[in-house]
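First the structure, in the form of structure tokens, and then the observations on it.
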2 protein chains.
Amino acid sequence: MTDVKSGANPLFLRDEELRQGMELVFYAYRDFTAEPDAMLAEYGFGRAHHRVIYFVGRNPGITVSDLLDILQITKQSLSRVLSQLVREEFITQRPGTHDRRQRLLELTDKGVTLEKQLSQNQRDRIARAYRAAGAEAVEGYRKVILGMINDNDREKFRKRGNFPPPKKTGR
Amino acid sequence: MTDVKSGANPLFLRDEELRQGMELVFYAYRDFTAEPDAMLAEYGFGRAHHRVIYFVGRNPGITVSDLLDILQITKQSLSRVLSQLVREEFITQRPGTHDRRQRLLELTDKGVTLEKQLSQNQRDRIARAYRAAGAEAVEGYRKVILGMINDNDREKFRKRGNFPPPKKTGR
DNA sequence: TCATATATGTCAACATGACTGACGTAAAAT
DNA sequence: ATTTTACGTCAGTCATGTTGACATATATGA
């Protein structure tokens, strides 16, 4: 059998290989979210809250519209979870200095604590995977997965570089 | 006030690296599902239908419980979308030959057509990313992302190996 | 200055896809 | 013969997304 599939050229993208690539994304995401989801449930929060907490923690002082750009949901969807997080004091809002219409978002101490707790599992998961695979594999992982991300967001990572500049505060 | 975040501290780089790893998963999944979601909406279907169609197409003759194991949702959640797909003739059910309690699931021609249409975008996305990154990077991608997946499912990919046999599961 | 655009919030109404818990049926296993 | 398994279904709930309309404060440009 001239099994085309067993060829030595991994760049011959067979259906099987592509399907595996797709499934890997599915499984990774599924397992990536399972444990934080369970923690969140104890607070009466959901995955949406986690995403907000994460990206606010990642970009202190982010505006609502920038957050919307990241999450790609409607402002009404965001509003619900965000106002809940503000009400329960995980996030604070302050007017923008240059544009006072903006509400710049930041985690409170309580928010930082929750964020750490929530992402600890994911952080561990990534660290474990990175360690097991080795630096070279990590470089490959980044390359491939960046290639799957839409152009505009790929830029974000490009701008930061592989090992981003030791910037003091998130801009 | 030693700025913990600035360059000298390798822990910052590590944290930054881990965070980027997490974000890559988020962005990839977000962009991965956006277009199929839009197509599905035209049929009155959602992402859940896609997952069912995908995994039934991938494993013709799969049982309901094996599908539940993959999706990790409750049978009630599955039941709703599955019965809809059966009713609208995208999927057929036939009793298991050895165990007649089972309902072995398969795509109809209509189902195969829809599956292809839906996953074409994802397939293209993967192919593009793989081609752009190169064979070595793909190997790294697989290694890393496999490391993120829970043990039991990692086995699935291990068992199949990198270039798995096109064996349909009986179970 | 006046008009318009922007950033944000909010209300109502709705759909999807998760969940739990309970119950039912048919077939397999002991 | 009894129990377990595979599957379906009903009822109710919740989280998270959607659209569309409207409100307010502020910024910006003619």
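A, B, ... follow the sequence lines: proteins, then strands. Residue 1 opens every chain.
Using a 4.5 Å cut-off on side-chain heavy atoms (C-beta onward), B:F32 and A:M22 make contact. At least one side-chain heavy atom of A:V138 sits under 4.5 Å from a side-chain heavy atom of B:E17. When side chains are defined from C-beta on, A:V144 does not count as touching B:I145, because their heavy atoms never get closer than 4.5 Å. Contact annotation: the side chain of A:Y54 approaches that of B:E23 to within less than 4.5 Å [non-hydrogen atoms, C-beta and beyond].
Among the protein residues, B:S65 comes within range of the sugar-phosphate backbone only, with heavy atoms under 4.0 Å from sugar or phosphate atoms but none that close to a base.
Annotation: the terminal axes of the helix from C:dT1-D:dA30 to C:dT30-D:dA1 meet at 30°, where each axis is the rotation carrying the C1' atoms of four end pairs onto the next four (5 pairs per end, rounded to 10°).
The main-chain N or O of A:R125 is never found under 3.5 Å from a side-chain atom of A:Y130 such that the two would form a donor-acceptor pair. Panel note: side chain B:R142, backbone A:L24; no donor-acceptor pair is recorded below 3.5 Å. A donor-acceptor pair under 3.5 Å is absent between the side-chain atoms of A:T92 and the main chain of A:T108, judged by distance alone.
For A:S79, there are no side-chain contact (heavy atoms from CB on, under 4.5 Å) partners at least two apart in sequence or on another chain. For A:A127, the side-chain contact (heavy atoms from CB on, under 4.5 Å) criterion is met by A:R131, B:R14, B:L18, not counting sequence neighbours.
Applying the ring pair (Phe, Tyr, Trp, His ring centres under 6.0 Å) definition to pairs two or more places apart or across chains, those involving residues 64-120 of chain A are A:F45-A:F90. Applying the salt bridge (charged side-chain N to carboxylate O under 4.0 Å, His left out) definition to pairs two or more places apart or across chains, those involving residues 94-103 of chain A are A:R94-A:E106, A:D99-A:R101. Listed by first then second residue, pairs satisfying salt bridge (charged side-chain N to carboxylate O under 4.0 Å, His left out) with a partner in residues 76-88 of chain A number zero, not counting sequence neighbours.
Spacing between atom CD of B:Q72 and atom P of C:dC19 amounts to 10 Å, rounded to whole angstrom units. Separating the CG atom of A:L104 from the C1' atom of C:dG9 is a distance of 16 Å, rounded to the nearest angstrom. Atom CZ of A:R30 is separated from atom P of C:dG17 by 18 Å (rounded to the nearest Å). In this structure, NZ of A:K75 is placed 8 Å from C1' of C:dA7, rounded to the nearest angstrom.
Where B:Q76 and A:T74 meet DNA chain D, the nucleotide closest to each residue was compared, and B:Q76 sits on the side nearer the 5' end.
More than 12 heavy atoms of other residues, nucleotides or ligands sit less than 6.0 Å from atom CD of B:Q93.
Taking a heavy-atom distance under 4.0 Å as the criterion, the stretch of DNA chain D touched by chain A extends 5' to 3' from D:dA15 to D:dA27.
Taking the six-membered ring where the residue is Trp, the centroids of B:F55 and A:F26 are separated by under 6.0 Å.
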Assign a letter to each nucleotide of nucleotides 25-30 of chain C from its 5' end: B, base within under 4.0 Å of a protein heavy atom; S, sugar-phosphate only; -, no contact. -BBS--
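Of the residues in residues 32-56 of chain B, none has a non-hydrogen atom less than 4.0 angstrom from any atom of DNA chain D. The stretch residues 77-88 of chain A touches DNA chain D through A:S77, A:R80, each having a heavy atom under 4.0 angstrom from the strand.
Atom OH of B:Y27 sits about 8.0 Å away from atom CD1 of A:I149, to the nearest 0.5 Å. A distance of 12.0 Å separates CD in A:E42 from CG in A:D37, rounded to the nearest 0.5 Å. Atom-to-atom distance recorded for B:I91:CD1 and B:H49:NE2 is 9.5 Å, nearest 0.5 angstrom.
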Could you list, one pair per line, each protein nitrogen or oxygen that sits under 3.5 Å from a nitrogen or oxygen of nucleotides 1-3 of chain C, together with the distance?
none

Can you give me every donor-acceptor pair (side chain of residues 112-121 of chain A, partner residue at least two apart or in another chain, under 3.5 Å) with its distance?
| from | atom 1 | to | atom 2 | distance (Å) |
| --- | --- | --- | --- | --- |
| A:T113 | OG1 | A:D109 | O | 2.9 |
| A:E115 | OE1 | B:R19 | NH2 | 3.3 |
| A:E115 | OE2 | A:S119 | OG | 3.0 |
| A:Q117 | OE1 | A:Y43 | OH | 3.2 |
| A:S119 | OG | A:E115 | O | 2.9 |
| A:S119 | OG | A:R123 | NH2 | 2.7 |
| A:Q120 | NE2 | A:D124 | OD1 | 2.8 |
| A:N121 | ND2 | A:E35 | OE1 | 2.8 |
| A:N121 | ND2 | A:E35 | OE2 | 3.4 |

